[in-house]
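Only one structure is covered here, and it is reproduced in the block below.
Atoms within a ligand are numbered from 1 in the order they appear, just like the ligands themselves. Any value given below was found using the heavy atoms of this structure, including those in side chains, with hydrogens, waters and symmetry copies removed.
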Amino acid sequence: MFKVHPIAILNDNYVWTIIHNYNTVIVDPGTSEEVIEFHEKNNLHPTAILITHHHNDHVGGLSKLIETYNVSVYSPQNKKFKFDFMPVKENDEIKLFKNTLTLKVAEVPGHTLDHIIYFGDGMLFCGDTLFSFGCGRVFEGSFEQMFSSLEKLKKLDRNYNVYCTHEYTLDNLKFLIDYFEDNETFKKIYKKLSQRSITLPSKLKDELELNPFLNSNFEEFKQLRIAKNQY
Ligand SMILES: [Zn+2]
């Protein structure tokens, strides 16, 4: 019922766009130009914008988009924001596309202190908290905060598609191939994904199995030898 389309911007960002009957919900528009072009070309109408955190490559396109379209903006509370928005927090539910889609909100401090995620109906928009085979850098929070934020992600529906904001997958896999001493499974995944123009979304169930940052019992994870071929 919902299509999720990536709009590539900047070096390696994606602005994920949920599409439903020619209406859209835009996630983390770091720029506006490509987003407007995509909507014009496909005759689509933005109805809402979701923000995960305050970094400019996630909010840079906002003012132009607010000026261009009649959209509701949902965002974590942040006093630095100059635009009008509806602040959302842990356990809030957002009704989108005239109540057709409900997304839940969870707070995941670590990468930044204001970071939130949106999830529901098979979709997880995790911003810069979780990446495929990696996780976000800890800029503002503590490592303990990031750890419990990742623990929170582990409790979500395993069948979610994971829409991260950056195309970091192959770099992350290179690191893991090296770290796990030429691991064959990671090498195989790298080979498969390097043939694609986009590696995302990934599946939460695959991340739970193969992303070391979601497997804090590292010895056990190494013992597993990540030798399975189910990916
Ligand atoms: Zn960020």
Side-chain angles (χ1 to χ4, degrees), residues 4 6-18 25-35 48-66 73-83 85-90 92 94 103-119 123-154 156 160-175 198-202 204 207 211-214:
V4 185
I7 302 171
I9 61 159
L10 304 170
N11 282 341
D12 48 29
N13 282 64
Y14 293 121
V15 179
W16 293 106
T17 307
I18 314 169
V25 171
I26 301 163
V27 186
D28 283 351
T31 61
S32 58
E33 213 170 272
E34 297 89 340
V35 176
I49 296 176
L50 311 179
I51 300 298
T52 61
H53 66 292
H54 70 86
H55 282 159
N56 204 45
D57 61 326
H58 297 251
V59 299
L62 255 180
S63 51
K64 179 76 184 163
L65 291 173
I66 293 171
V73 180
Y74 300 90
S75 163
Q77 183 61 270
N78 192 318
K79 290 196 175 71
K80 280 186 249 166
F81 286 156
K82 297 279 179 282
F83 48 84
F85 64 96
M86 281 175 259
V88 286
K89 56 181 189 327
E90 183 83 12
D92 279 354
I94 302 173
L103 292 182
K104 277 191 85 170
V105 176
E107 293 169 1
V108 288
H111 176 70
T112 61
L113 288 173
D114 69 345
H115 205 306
I116 58 172
I117 54 169
Y118 301 89
F119 56 95
M123 300 172 273
L124 165 61
F125 298 97
C126 53
D128 288 353
T129 294
L130 179 69
F131 293 116
S132 186
F133 297 101
C135 76
R137 269 201 232 174
V138 177
F139 282 123
E140 294 174 3
S142 64
F143 285 96
E144 287 76 14
Q145 275 177 320
M146 189 61 161
F147 180 80
S148 45
S149 293
L150 291 173
E151 288 295 305
K152 211 182 244 185
L153 290 182
K154 285 163 71 172
L156 299 178
Y160 279 153
N161 283 323
V162 181
Y163 298 95
C164 349
T165 315
H166 289 274
E167 184 59 82
Y168 287 162
T169 315
L170 295 178
D171 281 346
N172 290 340
L173 279 165
K174 267 189 215 159
F175 169 78
I198 172 166
T199 66
L200 300 169
S202 67
L204 188 57
E207 300 297 335
N211 186 333
F213 297 92
L214 296 180

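- With salt bridges taken as basic N to acidic carboxylate O contacts below 4.0 Å, one links Glu90 and Lys152.
- A donor-acceptor pair under 3.5 Å links the side-chain atoms of Tyr118 to the main chain of Ile51, judged by distance alone.
- The Zn ion (ligand 1) is closest to atom ND1 of His55 (considering only N, O or S atoms).
- For His111 and His55, the ring centers are positioned less than 6.0 Å apart.
- The distance from the Zn ion (ligand 1) to the nearest N/O/S atom of Asp57 is not under 2.8 Å.
- Rounding to 10 degrees gives 90° for the angle at the Zn ion (ligand 1) between OD2 of Asp128 and NE2 of His111.
- Ring to ring, Phe85 and Phe81 are close: their centroids are under 6.0 angstrom apart.
- For His53, the N, O or S atom closest to the Zn ion (ligand 1) goes by the atom name NE2.
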